[in-house]
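Below you'll find the structure, written out as structure tokens, and then a few comments.
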Amino acid sequence: MDALKVLQLEAETIWPPVDDGFGGGGLGDNTIAVTAVTYDGQSITMAGATPLSPDTAVAVSIARCWLLERTTSYAAPPGLRLVSTAGSYQPPSRWSTTEWYSLMNGGQGPWVALVDGDRVQSLAHCARLTQQAAEVGVQTEDEARGRGLASVTVSAWAELMRQRGLTLFYSALEANQSSHRVAAKCHATPLGRLSRVFAQPSSEEPR
């Protein structure tokens, strides 16, 4: 496995390149540049589609990245059911009715959830989905944290997605230690770091 090429693919999956009309283009979503660094010392900087000027308000994020290639399967904890088909479930917090309707109707790719009755306790879904790869997004409700539910749903999602032959990614911000533990429990393969410089919308400019 060429970890640097895999990290490049992850960057292109999270921040899809903007078509410049000439068969190319930089990474999107207000990205100015992304530097990928592997654990064996390789690195590359990828240009974003957003130009940098002296007046640009910028921010920087650093994420740890993993490859979900050999995950461990876990059974649903007692009292919970593992589901992956649409039903009359109450959406997790921070999900709008429109987003949830789209997920339930297949508009956002495969997903897996642990439910208690009709209440979703933990959800793994396609945060990004392309023809080559998918990035998992995971959310566990506050009252259900600390029970290992995220590792159950992420592993089940990876098993479901593996049938599509895609490259599967997991990433978390550097400070998100609980998310790092989920990756370890899923036996995800560490790839390296993605450091992103991006332009902030005017409403997010630092004071």
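Below, all heavy atoms of this structure are taken into account, side chains as well, without hydrogens, waters or symmetry copies. Owing to the predicted nature of the structure, the values given are computational and were not obtained by experimental measurement. Just so you know, residue 1 is the first one in the sequence shown, and it goes up from there.
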What heavy-atom pair brings [X] and [Y] nearest, and what distance separates the two atoms?
X      : Y      : answer
Gly25  : Pro17  : O-CB, 3.7 Å
Ala150 : Thr140 : CB-OG1, 3.8 Å
Pro110 : Cys126 : O-SG, 3.5 Å

Calculate, to the nearest 0.5 Å, the distance between atoms [atom1] and [atom2] belonging to [X] and [Y] respectively.
X      : Y      : atom1 : atom2 : value
Lys5   : Ile44  : NZ    : CD1   : 10.0 Å
Glu10  : Thr167 : CD    : OG1   : 10.0 Å
His125 : Ser84  : NE2   : OG    : 15.0 Å

Might you work through the side-chain contact (heavy atoms from CB on, under 4.5 Å) test for Trp95 and Gln139, ending with a clear yes or no?
CA-CA 10 Å; Trp95 278 72; Gln139 178 179 339; 3.1 Å; yes
Candidate pair Thr153 and Leu123, rule side-chain contact (heavy atoms from CB on, under 4.5 Å), full reasoning
CA-CA 6 Å; Thr153 54; Leu123 170 71; over 6 Å; no
Set of residues satisfying side chain to side chain donor-acceptor pair (under 3.5 Å) with respect to [X], sequence neighbours excluded:
X     : value
Glu12 : none
Gln8  : none
Thr85 : none

Considering the options Leu67, Leu7, Ile14, which one meets the side-chain contact (heavy atoms from CB on, under 4.5 Å) requirement together with Phe169?
Leu67
Quick one: does [X]'s side chain have a donor or acceptor within less than 3.5 Å of a partner on [Y]'s backbone?
X      : Y      : value
Ser151 : Gly148 : yes
Thr38  : Gln42  : yes
Thr56  : Leu52  : no

Not counting sequence neighbours, which residues clear salt bridge (Lys or Arg N to Asp or Glu O under 4.0 Å) with [X]? List them please.
X      : answer
Asp116 : none
Arg145 : Asp142
Arg119 : Glu143
Glu174 : Arg64, Arg193

Throw together a table of side-chain donor-acceptor distances under 3.5 angstrom for residues 100-109, partners on residues two or more places apart or in other chains.
from	atom 1	to	atom 2	distance (Å)
Trp100	NE1	Tyr89	O	3.2
Asn105	ND2	Tyr101	O	2.7
Gln108	NE2	Glu99	O	3.1

Any chain of hydrophobic side-chain contacts (each under 4.5 Å) joining Leu194 to Val6?
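Hydrophobic grouping puts Leu194 with Val6.
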Test side-chain contact (heavy atoms from CB on, under 4.5 Å) applied to Ile62 and Ser195, step by step:
CA-CA 4 Å; Ile62 301 176; Ser195 301; 3.8 Å; yes
Between the side chains of Ser122 and Glu141, is a donor N or O closer than 3.5 angstrom to an acceptor N or O?
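No.
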Which pairs, with at least one residue in residues 183-192 and sequence neighbours excluded, count as a side-chain hydrogen bond (donor to acceptor under 3.5 Å, both in side chains)?
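Counting only pairs at least two positions apart or across chains, the side-chain hydrogen bond (donor to acceptor under 3.5 Å, both in side chains) contacts touching residues 183-192 are Glu69-Thr189, Thr72-His187.
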Keeping to residues at least two apart or across chains, list the side-chain hydrogen bond (donor to acceptor under 3.5 Å, both in side chains) pairs with something in residues 27-37.
Thr31-Arg196, Thr35-Thr45
Take Ser155 and Cys186 through the side-chain contact (heavy atoms from CB on, under 4.5 Å) test and state the conclusion after the steps.
CA-CA 6 Å; Ser155 295; Cys186 291; 3.4 Å; yes
Please lay out, stage by stage, how Thr13 and Gln132 fare under the test side chain to side chain donor-acceptor pair (under 3.5 Å).
CA-CA 8 Å; Thr13 301; Gln132 292 180 283; over 6 Å; no
Output the rest of the hydrophobic cluster of Leu168: all Ile, Leu, Val, Met, Phe, Trp and Tyr residues reachable through side-chain heavy-atom contacts under 4.5 Å, sorted by chain and number.
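Its cluster mates, by chain and number, are Trp66, Leu68, Tyr74, Leu80, Leu82, Val112, Leu114, Leu129, Val136, Val138, Leu149, Val152, Val154, Trp157, Leu160, Met161, Leu166, Tyr170, Val182.
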Under a side-chain separation threshold of 4.5 Å, the hydrophobic residues clustered together with Tyr39 are none
